Visitor: 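After the structure tokens below, expect a handful of questions from me.
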Amino acid sequence: PKSTRIVDLLKKRQVTVPPTMAEPASQPSPTKASTPAATQEVLVSSTGHTSGPSSPAYPTSSPPSPAHSTPSKGQTLLAMPCPVEVFSVYIGTLDPLSTLHSPIKTNGSPWCLKMVKANRDHMAASSFVHSALMDAITICLECTSTVIPSVNIPANQLEAVKYYLEQRPYTAAFKTKKALSSKRYRSYYHPDDVDENKRWIVCFVDPADSDVLKDWLSRLSQLIGSGRFQSQRLFIYPFSGVKSVTVTTHDLYRLNDGEYLNDSVIEFYLKYLQERLVATNPELAADVHIFNTFFYPQLVARSNRMGLNLLISLNPYFNMCAFFRIGQILLALVGSLATECYDRVKSWTSKVDIFKKRFIIIPIHDRAHWFLALIVNPGLMVSEAVDGESTPSASSSSPMPPTTADSTQESHEATATPLRRTRSHVQVSSTEVSPSRERIDVNLTNLTGMPTESPSLLPVPDFSVDASIGDSIKRRYEKKLRSELKRHSRSPRKLHNVFNSSGIFILDSLGLHHPMVFRILNSYLRLEAETKQKTVVVPKLQGAYAKVPLQTNHCDCGVFVLEYVETFLREPTFYLEVMMNRLGGRNAWFQASIIRQKRQTIHKTIVDLAKRYQQHQATTADS
Amino acid sequence: MSDSPDQKPAVKPEGSSEHLNIKVVSADSSEVHFKIKRSTPLRKLMETYCDRTGKNMNSVRFLFEGNRVLESHTPKDLDMEDGDTIDVMVEQIGGQ
């Protein structure tokens, strides 16, 4: 219905209107109970020649050469100042040759979309252009390939175009042109117009059929109706409290295939996982602390990023030369810089003691890439100030009272820490299927060097959430893992004990290395320990890169980060062992193919929560 | 972008003890100072800040002690004290 309405509008308003003077018209899509603040204007004009409508904004220098442009019968121009009040959107039959200042060789593709930035807000503008462009290309491609079956654009080319536009908007044109020069569609940023005030995009779709336009318009109106051009608050999560995150339609859009995830989606989903964990497995939930995505940037000095990091990394050497004057000065300098950064996040943990947590999860955003840092057992790094004389392993038990767990494994263990961990894990497993308990047996027998041959050596973990996928993966890798575990249990090299080892793991779906992260997090932990009046007994946690499934495209790293966390929290001990002892390889986690489904799952979660939030609001309003 | 530290635009100064001085620090370390009632929703502060600095509400995040400041929160909700700092961060988008 929406599309027909637009097309009707189009038919009605077959009047020549200069595109720059868009006059208000009726809203094309009063959709979804959303009340757009600004009006969406639809204008249609029909002009004799291609260059006509475009001329006000972009004066045409020469008429299109007939060899290059296909004259179309009635030319339609649709102008839609979008609700963001940032842009005007023109869709029309603009001749590429006349509107572009530099000639590109097209074989006449009059349908195009042009967006003109007409406002000051650069941030909104660029993100708008960016996403509009993505849509435009997708629509172009879909239209071209569905309506005109003769044009087949390989999927990998679409990926290539998207990638270039996404990464290098300013050079995209050339790459794109090159990549698609033989195809019947183009997308183009004009280099002269890529500046703060004028940024526009042209996409050409083959004009073979007017259905293309209809399709185009309906899609566009859907886009507008779906709140793409205007962000609307869906809900806050959790529904009450001060630690909530707002989720908007803009964030929801980020979950579409090919889109990059933003901080809100990441933070929302991590909070969601945490809440779910609190409900299903409170023991584990109490052991986990999740920082938000802004934690790491706050820790990194903005002004003197490189300098600070260098200094922090050299810190140990300063200690050595601290006897000399220069060493003292440098030490003071490092101290002040690191403290300055630390001060920004000092208050973040004022109510929690991260050293009592087993896992600290830190999603990190760095140059358009998401990855995950996981600090394991930070408590082993410190001891309480009161018993500073104790050894690291023994002292680590002091934050937690010695357990009275009645597990039979007690005798195998020398220190109290593993026991505490054991206890917590036993309780963890009680909410799940029993194999988790067997898991512990595996750990402990391995540690004590006793070979285990029992068929239930590796349990099939509880994958109730997406059982089908999880099970199949597990079954596939169970065997491999089991054999590896066996091998290790016989070999003289001992496995790391996941309960009394600590460390920082980086889970990066591109497999990149981030040595700076280790340094910065270690420095953070030291300062945090100081603040919390703990004695640092291990100055530096070991850093390692976990072997995790890798992304195969350019857009999914955010989803991978979320999946790492979800998978890990499902059975932390198991995955810790996988990470620490490098067992099972990348595929021990999950299969990369489930990521696509993951986007839909999160999307659905958000939509469901939005509904529940409305109900929640209604009930709270009543009471 | 305004970064002069001594702007006191936002919410009109009235009484005394009910008012808090709040510092809003952006990613480039520029500061804007606000005076706000304990019971006023922080939406007002956020909107004023965005207006002044020409930012879009949807693309910035306000953080107080590591948590997001929502429009409906009041300084009282968040236990804000005189001289506290709100950090403004830019939306992070990543995928590659």
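From a predicted model like this one, the values you see are computed outputs, not experimental measurements. Protein chains get the first letters and strands the later ones, always in sequence-line order, with residue 1 at the start of each.
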Visitor: Take A:Ile354 and A:Ile375, measure what side-chain contact (heavy atoms from CB on, under 4.5 Å) needs, and give me the verdict at the end.
Guide: CA-CA 10 Å; A:Ile354 55 164; A:Ile375 305 178; over 6 Å; no
Visitor: Sorted by first residue and then second, give each ring pair (Phe, Tyr, Trp, His ring centres under 6.0 Å) pair with at least one member in residues 52-93 of chain B; sequence neighbours left out.
Guide: B:Tyr49-B:Phe62
Visitor: Counting only non-hydrogen atoms closer than 4.5 Å, can you tell me which residues of residues 74-85 of chain B sit against chain A?
Guide: B:Asp77, B:Leu78
Visitor: Please list, one pair per line, the donor and acceptor atoms closer than 3.5 Å that link side chains of residues 264-271 of chain A to other protein atoms, with sequence neighbours excluded.
Guide:
from, atom 1, to, atom 2, distance (Å)
A:Ser264, OG, B:Arg61, NH2, 3.3
A:Ser264, OG, B:Arg68, NH1, 3.1
A:Glu267, OE1, B:Arg68, NE, 2.8
A:Glu267, OE1, B:Arg68, NH2, 2.7
A:Tyr269, OH, A:Glu566, OE1, 2.8
A:Tyr269, OH, A:Lys598, NZ, 3.1
A:Lys271, NZ, A:Lys243, O, 3.1

Visitor: Is A:Val242 in contact with chain B via its backbone, its side chain, both, or neither, using a 4.5 Å heavy-atom distance?
Guide: both
Visitor: Does a side chain donor of either A:Asn262 or B:Glu91 reach within less than 3.5 Å of an acceptor in the other side chain?
Guide: yes
Visitor: Output all residues satisfying side-chain hydrogen bond (donor to acceptor under 3.5 Å, both in side chains) with A:Asn292, sequence neighbours left out; order by chain, then residue number.
Guide: none
Visitor: Are A:Thr349 and A:Glu528 linked by a side-chain donor-acceptor pair shorter than 3.5 Å?
Guide: yes
Visitor: Please report the shortest heavy-atom distance between A:His514 and A:Asp508, naming the atom on each side.
Guide: NE2-OD2, 2.6 Å
Visitor: Would you mind checking which part of A:Phe294 comes under 4.5 Å of any heavy atom in chain B, side chain (CB onward), backbone (N, CA, C, O), both or neither?
Guide: both
Visitor: Just so I understand: if I count every heavy-atom pair under 4.5 Å between each of A:Val245, A:Ile236, A:Thr293 and chain B, which residue has the most?
Guide: A:Thr293
